[in-house]
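Below: the structure, in structure tokens.
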Amino acid sequence: MNITLEKYHGLGNDYLIFDPNKNELELTEESVRLICNRNFGVGSDGLLVGPILGQDKLELKILNPDGSEAELSGNGVRIFGKYLKDAGYVQKNRFIVNTLSGQQTIQYLNETGTRIKVSMGKLSFYSDEIPVTGPRREVLNETMMFGSIPYRVTCVTIGNPHCVIWLNDISKELACRIGKHSETADYFPEKINTELLKVVDRTNIEIEIYERGAGYTLASGTSGCAAAGAAYRMGLTDPKMYVHMPGGVLEVEIEPDGGVLMTGEVGYVGRFTLSHEMTEELRALR
Ligand SMILES: N[C@@H](CCC[C@H](N)C(=O)O)C(=O)O
């Protein structure tokens, strides 16, 4: 049987869904890299594997295009929510999914499930939880060197690790220039997602993103939550704000206990049935 993948995007952050209940393939780092490759494969910013059906559980495994596993993806969870509705796995309007980072609550805000609110979990700025090397502390406004240049950095986890750099001017070029050094810097034993943050006013921020295991992306849900959390913690914004990214806008709300609510759109691109040749090539990649 040839492999079938469904493609969705969250504000231009595109993911392929590999439903293990409908496909037979043992995924390896190499096969994930080939599927996500934009020239030799279908191409995407990541692969969502699910639903993995457990006892009363809907599990989601999130893979980066380099084959590594991520604890959480905000766009990935919204996309997964839309897929679960489209494929008839859920009938409820509000339900829980499980990722490596814990539980996320998904809520459909419209009939077609294209607008989704997710309760993402809690932010932590503590070094041992992110993780960041050195003594246990909250990593707030510290100087770190990326490619021999010093930057003021606030680090935070929302299940996956983020480093937020507050600047007056941000761009794709700068995100790529800094991100390629910060992703693998010694400060971060599990690597890091990088966000350049520009504060527009108390309810609007702009970010540029360089994702761990994926590189530059047009949008990222966890990055939006991390940057919003950092901006609020630094006293630069109100708790509820619009996060503007090159691919579109997310609404993020920081709750008094550090919980984060994220709301945004999901788009369905289409179904891709891989050729016999491609299916066989993937099966050979062990
Ligand atoms: N695109 C994502 C984040 C995906 C995971 C990230 N690259 C990581 O390794 O932590 C999002 O929408 O949050």
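Both ligands and their constituent atoms are indexed starting at 1 by order of listing. Only a predicted model underlies this, so the values are computations on that prediction, with no experimental measurement involved. Numbering starts at 1 and runs along the sequence shown. Side-chain atoms are counted along with the backbone in the values below, which use heavy atoms only and exclude waters and symmetry mates.
- Nearest protein heavy-atom neighbour of atom 6 (C) of ligand 1: Asn193 OD1, 3.3 Å.
- By the criterion of a heavy-atom distance under 4.0 Å, the side chain of Tyr15, and not its backbone, is placed next to ligand 1.
- Of all the atoms in ligand 1, the ones that sit under 4.0 Å from a non-hydrogen atom of Asn64 are 5 (C), 6 (C), 7 (N), 8 (C), 9 (O).
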The test is side-chain contact (heavy atoms from CB on, under 4.5 Å); show your working for Phe18 and Leu27 and say whether it passes. CA-CA 10 Å; Phe18 176 94; Leu27 288 165; 3.9 Å; yes

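- Atoms of ligand 1 found under 4.0 Å from any heavy atom of Asn13 (numbered from 1 in listed order, with element): 1 (N), 2 (C), 12 (O).
- In terms of protein heavy-atom proximity, atom 2 (C) of ligand 1 is nearest to Ser73 OG, 3.1 Å.
- In this model, no donor atom of one side chain and acceptor atom of the other lie less than 3.5 Å apart for Thr273 and Asn2.
- Heavy atoms of Asn75 found under 4.0 angstrom from ligand 1 belong to the backbone as well as the side chain.
- The shortest N or O to N or O distance between Ala70 and ligand 1 is not under 3.5 Å.
- In this structure, the protein non-hydrogen atom closest to atom 12 (O) of ligand 1 is Gly221 N, 2.7 Å.
- The shortest N/O to N/O separation between Glu71 and ligand 1 does not fall below 3.5 Å.
- Looking at Asp66 and Asn64, their side chains never bring a donor and an acceptor atom within 3.5 Å of each other.
- A donor-acceptor pair shorter than 3.5 Å cannot be found between the side chains of Ser124 and Thr157.
- Thr222 OG1, 2.6 Å is the protein heavy atom nearest to atom 13 (O) of ligand 1.
- At least one heavy atom of Leu72 sits closer than 4.0 Å to an atom of ligand 1.
- When Thr217, Asn13, Asn75 are each tested for a side chain to side chain donor-acceptor pair (under 3.5 Å) with Asp45, only one passes: Asn13.
- Contacts between Ala214 and ligand 1, counted as non-hydrogen atom pairs separated by less than 4.0 Å, are absent for every part of the residue.
- The line from CG of Asn93 to CD1 of Ile106 is 11.5 Å long, rounded to the nearest 0.5 Å.
- In this structure, Tyr216 has its ring center no closer than 6.0 Å to that of Tyr210.
- Using a 4.5 Å heavy-atom threshold, the side chains of Phe95 and Thr105 count as separate.
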